[in-house]
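Input: a single structure, listed below in structure tokens.
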Amino acid sequence: MVKIVVGGHFGDEGKGKVISYLALKDKPDIVARAGVGPNAGHTVYKEGKEFGLRMVPCGFVNEDSRLFIGAGVLIDVKRFLDEVKITGTRGRIFIDKRCAIIEEKHKEQDSSDGYLKEKVGTTGSGCGPANAERAHRTIKLAQDIPELKEYLADVPSEVNNAISDGKDVLIEASQGFGLSLFYGTYPFVTSKDTSASMAATDIGIGPTKVKDVLVVYKAYTTRVGEGPMRNFIDENSIKNYPIWQEVLKDAREKGFNGSVNEILAGYLGEKGTVTGRSRRIGDFDFTLAKYSSMVNGATEICITCLDKIFLECKSLTEYEELSERAKEYIKKIEENVGVKVTLISTGPRSEDMIDLRKK
Ligand code: GTP
Ligand code: IMP
Ligand code: MG
């Protein structure tokens, strides 16, 4: 059985945490990383320790899972080798021999080119320039790099053989739908499509092999970098949002200051995993959520960070224990998006999860 996990807003929805839960709970034989490359930072906890993973699949938390990085994903060699070391995954992690390689020149271009850095607001990780060079057909591939020799694999064969043997495969995508090169808020987007179909292509499996597409949304919307955002919360618009007025009050009491949006970002701890930039905060974007569920072919959805706006929900694992207002909030999202909510995340640790699939 193949399940793909994708982001439904602008990235940073908490996919890393969701994947770590599913890897431990569903015990997939394979966890494979799709997406653009090391521009993504997935946050995940293992035995109380926090990891901000940009290359290694978050499913590493399950020590029995085999880990793969698909051919569509760009590799930063140093970053990859460092993460293999800190996660202790050598021997069970493999990358497709056709992954393209990010070099120093790509990072330099990404951080010095005014258009990319200032206008698009990229992460500076070299992904855009590397994908441009890939399209130009001059980029180096993983099979050209001696240090990667022991990690090389034919990922499509490994994954498709596992599927034929009836094993479970979990695919983790990165970024979010609003950052898709095809369907996002162009030109304020990343350098590739970010939908579930692209994730399948990244790994080398056909659409007929995919059973579930789980689209992840935060309980509110965040965006790092440039580009438009609906329902941005500021001094004016906060009048329309009773929930946010309450959060703001609590944030001010706890000593956060600055503009309304800065106070909320500080209080919610919304800082980029890769760049450390502050994320902008918006109310839940139903329009984007509905559209992204449609294009992704969502079979189920997950809502994360419920505990950040409803403090009483922190670390709960049973739906019945949620407050009435939190239940109504979830119901409203489910009805508007038109897809069943199967997972509700109530904290950053893997175990902070309400799993409605068992019901
Ligand atoms: P990208 O691939 O970069 O889009 O990342 P991501 O979707 O894996 O999200 P990222 O880890 O960048 O950001 C999510 C943040 O929210 C991290 O700091 C997580 O630890 C945290 N987080 C995830 N789920 C929850 C939750 O339910 N509650 C709380 N309090 N924090 C959460
Ligand atoms: P790039 O992918 O580094 O080229 O950046 C292009 C845009 O996508 C910028 O607005 C980035 O902030 C955004 N972006 C890229 N990757 C992520 C991610 O993993 N989470 C959130 N935003 C991202
Ligand atoms: Mg992130």
Side-chain angles (χ1 to χ4, degrees), residues 5-21 33-45 50-55 57-58 73-74 102 106-107 109-111 113 115-132 172-181 184-192 194 199 215-220 222-229 267-280 302-311 313-316 343-354:
V5 179
V6 288
H9 277 147
F10 294 104
D12 307 324
E13 297 91 350
K15 295 176 291 295
K17 138 74 199 260
V18 176
I19 307 271
S20 69
Y21 172 79
R33 185 153 176 159
V36 181
N39 51 350
H42 293 308
T43 312
V44 59
Y45 289 83
E50 183 181 312
F51 294 84
L53 298 179
R54 295 170 56 184
M55 294 267 61
C58 297
V73 181
L74 295 162
I102 296 178
H106 301 123
K107 291 190 230 178
Q109 195 187 339
D110 210 7
S111 327
D113 180 312
Y115 181 76
L116 292 175
K117 190 167 171 41
E118 316 300 341
K119 168 116 188 186
V120 181
T122 70
T123 59
S125 54
C127 290
N131 270 336
E172 53 177 274
S174 63
Q175 286 77 43
F177 184 80
L179 295 172
S180 164
L181 178 61
T185 54
Y186 186 89
F188 305 103
V189 292
T190 190
S191 51
K192 205 167 85 175
T194 54
V215 182
V216 182
Y217 304 98
K218 235 178 231 174
Y220 46 93
T222 62
R223 180 160 201 178
V224 60
E226 300 305 312
M229 173 176 196
Y267 174 83
L268 296 166
E270 292 293 352
K271 236 184 196 25
T273 312
V274 173
T275 56
R277 295 179 293 183
S278 186
R279 296 172 183 151
R280 285 175 281 157
C302 170
I303 306 300
T304 63
C305 297
L306 190 69
D307 56 295
K308 288 205 192 177
I309 46 176
F310 299 112
L311 301 183
C313 298
K314 177 109 199 98
S315 298
L316 296 182
L343 295 170
I344 302 167
S345 176
T346 56
R349 301 168 313 151
S350 312
E351 59 270 31
D352 301 327
M353 186 70 94
I354 296 172

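As the structure lists them, so they are numbered: ligands from 1, and atoms in each ligand from 1. From a predicted model like this one, the values you see are computed outputs, not experimental measurements.
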Tell me, which protein residue and heavy-atom name are nearest atom 3 (O) of ligand 1, and how many Å apart are they?
D12 OD1, 2.9 Å

Under a heavy-atom criterion of less than 4.0 Å, does G347 contact ligand 1?
yes

Within the structure, is a non-hydrogen atom of R279 found at a distance of less than 4.0 Å from ligand 1?
yes

Looking only at N/O atoms, are G41 and ligand 1 under 3.5 Å apart anywhere?
yes

Please determine if G16 has a nitrogen or oxygen closer than 3.5 Å to a nitrogen or oxygen of ligand 1.
yes

Excluding waters, which protein N, O or S atoms are within less than 2.8 Å of the Mg ion (ligand 3)?
D12 OD1, G41 O

Applied to residues 117-130, the salt bridge (Lys or Arg N to Asp or Glu O under 4.0 Å) test, sequence neighbours excluded, yields none

Which residues share a side-chain contact (heavy atoms from CB on, under 4.5 Å) with E50, sequence neighbours left out:
T43, Y45

Excluding sequence neighbours, so at least two apart, what forms side-chain contact (heavy atoms from CB on, under 4.5 Å) with K314?
D307, P348

Where ligand 2 meets R277 - atom numbers and elements under 4.0 angstrom, heavy-atom basis:
11 (C), 12 (O)

What verdict does the side chain to side chain donor-acceptor pair (under 3.5 Å) test give for S345 and K17, after you've listed the backbone C-alpha separation in whole Å, the side-chain angles of each residue and the deciding distance to 0.1 Å?
CA-CA 9 Å; S345 176; K17 138 74 199 260; 2.8 Å; yes

Among V189, T194, T190, which residue places a heavy atom closest to atom 2 (O) of ligand 2?
T190

